[in-house]
J.: 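The structure follows.
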Number of protein chains: 2
Amino acid sequence: MPSNASRTWTISELAEEFSVTARALRFYEDKGLLNPARHGQARVFSATDRARLRLILRGKRVGFSLEEIREMLDLESITKGSPQHLGVWMKRFRARIEVLKQQRRDIEGAIEELEAGCAWMEARQADLEPSEELKSRARAFEALARARLEH
Amino acid sequence: MPSNASRTWTISELAEEFSVTARALRFYEDKGLLNPARHGQARVFSATDRARLRLILRGKRVGFSLEEIREMLDLESITKGSPQHLGVWMKRFRARIEVLKQQRRDIEGAIEELEAGCAWMEARQADLEPSEELKSRARAFEALARARLEH
DNA sequence: TTGTTACTTGACGTTAACGTAAGCGTTATA
DNA sequence: TATAACGCTTACGTTAACGTCAAGTAACAA
């Protein structure tokens, strides 16, 4: 059973698996986020590279820039740094945590609003005998819609 | 008591309140996200404009593009559309909800990792008699750190 | 040998979301 | 009356994260 542990991937295999382009992967290497081995000229990606890619894409999804991701991927430089250096990183981590928490609140709000919107549209589409629950959700949405232009 | 309901704001007042530049507000107007009244040449922002700005910034925080925000702000066009049009919007809403939920998962993962990282750094900094709880969180982080380069 | 396919390295192009600077008008204050 | 302070438009500049060629190489098939 090939457990992927010692497998290798070509650039287009990885690109396809993660739905990114080969260009993007080369770009990440250029920026120091990846450095796959080489076989001749061709890049050869290990399971480690693949894991890093996964982290890169996750980082992107939550809004980190590639530069930030690059810094964070390099745990060595954090663990080896002086205590002062450590303090700097702690501040940055904490600040980022706050940003992320705010972002989570925003996202939850957005999800609620979008779901209410869906309910409202469903009710509109059905139009005939909309269930009580749908109607109440629709009313909630209308209230929301009004509220968003006041306060 | 001036309840803000019939107040107006100048561009720099709003800019300061929301920590954006006047340039950004003009830009949003250019793109059709805001359209403040005018007094002569000068823009005059109403409470409604202010509420829209709040929504714009929230939309930005959760990753919507200005173009997407513009479309969503325009509820009229949704409510007035044909049922087919409505269906299109429902699909877009639902898709967006899925993206947001994935984003929330990512964010929660990132928060956990960053908090574990902070705990680990604290333990490192203290270095003297680190409490059992800190030590266990630190161990958790080290496990995480190893795990991230495997699987 | 000649394709065909996958990969490479430049190098320039593109888009979003503003920044920045120039030049000008209006209003408040010294 | 002049000199800020604030606002306006117009227009070019900037950054991140790639996209899009162009031109070349290495491996393998017919």
Side-chain angles (χ1 to χ4, degrees), chain A residues 7-46 49-50 52-74 92 96 99 103 106, chain B residues 7-46 49-50 52-74 92 96 99 103 106:
Chain A
R7 247 202 77 175
T8 63
W9 288 261
T10 121
I11 194 169
S12 40
E13 283 169 351
L14 264 194
E16 165 137 1
E17 179 176 353
F18 290 96
S19 303
V20 297
T21 65
R23 175 69 178 92
L25 299 185
R26 295 192 192 102
F27 185 74
Y28 297 155
E29 183 181 8
D30 253 36
K31 296 292 169 177
L33 283 87
L34 289 174
N35 48 340
R38 297 286 177 140
H39 176 232
Q41 280 201 118
R43 292 166 175 81
V44 178
F45 293 84
S46 69
D49 296 319
R50 187 157 159 273
R52 287 177 76 96
L53 176 55
R54 199 192 304 282
L55 286 165
I56 291 168
L57 298 180
R58 186 171 117 186
K60 284 199 54 180
R61 279 199 299 274
V62 300
F64 289 104
S65 74
L66 292 186
E67 171 60 15
E68 289 169 322
I69 295 172
R70 193 189 57 72
E71 290 175 343
M72 300 181 58
L73 276 176
D74 191 2
R92 299 175 73 172
R96 179 57 65 166
V99 172
Q103 227 174 317
D106 289 336
Chain B
R7 248 202 78 175
T8 63
W9 289 262
T10 121
I11 195 170
S12 41
E13 282 168 351
L14 264 195
E16 165 136 2
E17 179 177 354
F18 289 95
S19 303
V20 296
T21 63
R23 174 69 177 92
L25 299 184
R26 296 193 192 102
F27 185 74
Y28 296 155
E29 184 182 8
D30 254 35
K31 297 292 167 176
L33 284 87
L34 290 175
N35 50 337
R38 299 281 179 145
H39 177 231
Q41 279 202 119
R43 293 166 175 82
V44 179
F45 293 85
S46 69
D49 296 320
R50 187 157 159 272
R52 288 177 76 96
L53 177 56
R54 201 193 303 282
L55 286 165
I56 292 168
L57 298 179
R58 186 170 115 185
K60 285 200 51 177
R61 281 199 298 275
V62 300
F64 289 105
S65 74
L66 292 186
E67 171 61 15
E68 290 170 321
I69 295 171
R70 192 188 56 71
E71 290 176 343
M72 300 180 60
L73 277 176
D74 191 2
R92 298 174 74 173
R96 179 57 64 166
V99 171
Q103 225 175 320
D106 289 337

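Just so it is clear, the model here is predicted, and its values are computed rather than measured.
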J.: Write out a two-atom table: protein N or O, nucleotide N or O from nucleotides 14-17 of chain C, distance below 3.5 Å.
T.:
residue : atom : partner  : partner atom : Å
dA17(C) : OP1  : Leu66(B) : N            : 3.2

J.: Could you tell me if the side chain of Leu57(B) sits less than 4.5 Å from the side chain of Arg61(B), heavy atoms only?
T.: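 With C-beta onward as the side chain, the pair touches.
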
J.: Would you call Arg96(A) and Glu68(A) a side-chain contact if the rule is heavy atoms closer than 4.5 Å?
T.: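 The answer is yes, as the side chains (C-beta and beyond) meet within the 4.5 Å cut-off.
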
J.: After noting the C-alpha distance and the side-chain angles of Glu67(B) and Arg70(B), does the key distance pass the salt bridge (charged side-chain N to carboxylate O under 4.0 Å, His left out) rule?
T.: CA-CA 5 Å; Glu67(B) 171 61 15; Arg70(B) 192 188 56 71; 2.8 Å; yes

J.: OP1 or OP2 of dT9(C) versus the side-chain N and O atoms of Arg38(A): is any pair under 4.0 Å?
T.: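 Looking at the OP1 and OP2 atoms of dT9(C), one of them is under 4.0 Å from a side-chain N or O of Arg38(A).
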
J.: Looking at Glu29(A) and Arg38(A), is any side-chain nitrogen of the basic one under 4.0 Å from a carboxylate oxygen of the acidic one?
T.: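 Result for this pair is yes, salt bridge flagged.
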
J.: Is the shortest side-chain heavy-atom distance between Leu14(B) and Arg50(B) below 4.5 Å?
T.: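 Yes; the side chains approach each other to less than 4.5 Å.
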
J.: Kindly indicate whether the side chain of Lys60(B), heavy atoms from C-beta on, has any atom under 4.5 Å from the side chain of Leu66(B).
T.: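 Lys60(B) vs Leu66(B): side chains touch.
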
J.: Output yes when at least one side-chain N/O atom of Thr10(A) is less than 4.0 Å from OP1 or OP2 of dA6(C), else no.
T.: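 So the side-chain polar atoms of Thr10(A) never come under 4.0 Å of the phosphate oxygens OP1 or OP2 of dA6(C).
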
J.: Can you list the steps and then say if Phe64(B) with Leu55(B) is a side chain to side chain contact (heavy atoms under 4.5 Å, CB included)?
T.: CA-CA 11 Å; Phe64(B) 289 105; Leu55(B) 286 165; over 6 Å; no

J.: For nucleotides 20-29 of chain C, tabulate all protein N/O to nucleotide N/O atom pairs closer than 3.5 Å, reporting atom names and distance.
T.:
residue : atom : partner  : partner atom : Å
dT20(C) : O4   : Arg23(B) : NE           : 3.0

J.: Looking at the side chain of Ala24(A), which of dC18(D), dC8(D), dC6(D) is the nearest nucleotide?
T.: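 Among the listed nucleotides, the one closest to the side chain of Ala24(A) is dC18(D).
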
J.: Rounded to whole angstrom units, what separation is found between the CG atom of Leu25(B) and the C1' atom of dC8(D)?
T.: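 Whole-Å distance recorded here is 14 Å.
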
J.: State, yes or no, whether a side-chain contact exists between Thr21(B) and Phe27(B) at a heavy-atom distance under 4.5 Å.
T.: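 Of all side-chain heavy-atom pairs linking Phe27(B) with Thr21(B), none is under 4.5 Å.
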
J.: Counting only side-chain nitrogens and oxygens, does Arg43(A) get under 4.0 Å of the OP1 or OP2 atom of dC7(C)?
T.: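 For dC7(C), neither OP1 nor OP2 has a side-chain N or O of Arg43(A) closer than 4.0 Å.
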
J.: Let me test you: for the helix from dT1(C)-dA30(D) to dA30(C)-dT1(D), what is the angle between the axes at its two ends (five pairs each), rounded to 10 degrees?
T.: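 Inter-axis angle at the termini of the helix from dT1(C)-dA30(D) to dA30(C)-dT1(D): 20°.
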
J.: Got a second to check how far Ile56(B)'s CD1 is from Phe18(B)'s CZ, nearest 0.5 Å?
T.: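 That separation rounds to 10.0 Å.
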
J.: May I ask you to evaluate whether Thr21(B) reaches the phosphate of dC18(C), defined as a side-chain N or O under 4.0 Å from OP1 or OP2?
T.: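 For dC18(C), OP1/OP2 do not have a side-chain N/O of Thr21(B) under 4.0 Å.
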
J.: If I take atom CZ from residue Arg54(A) and atom CG from residue Asp49(A), how far apart are they, to the nearest 0.5 angstrom?
T.: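 Output value for this atom pair is 12.5 Å.
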
J.: Nearest whole angstrom, please: distance from the C1' of dA5(D) to the CD1 of Ile11(B).
T.: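 In whole Å, dA5(D) C1' and Ile11(B) CD1 are 15 Å from each other.
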
J.: Whole Å only: how far is the CD atom of Glu29(A) from the C1' atom of dC7(C)?
T.: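 After rounding, the gap between these two atoms is 13 Å.
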
J.: In whole angstroms, how far is the C1' atom of dC18(C) from the CG atom of Asp30(B)?
T.: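 Rounded to the whole Å, the gap is 11 Å.
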
J.: Tell me: CZ of Arg26(A) to P of dG10(C), nearest whole Å?
T.: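 Value for this atom pair: 12 Å.
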
J.: So how far is it from Trp9(A) CH2 to Leu53(A) CG, rounded to the nearest 0.5 Å?
T.: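 Here the interatomic distance stands at 11.0 Å.
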
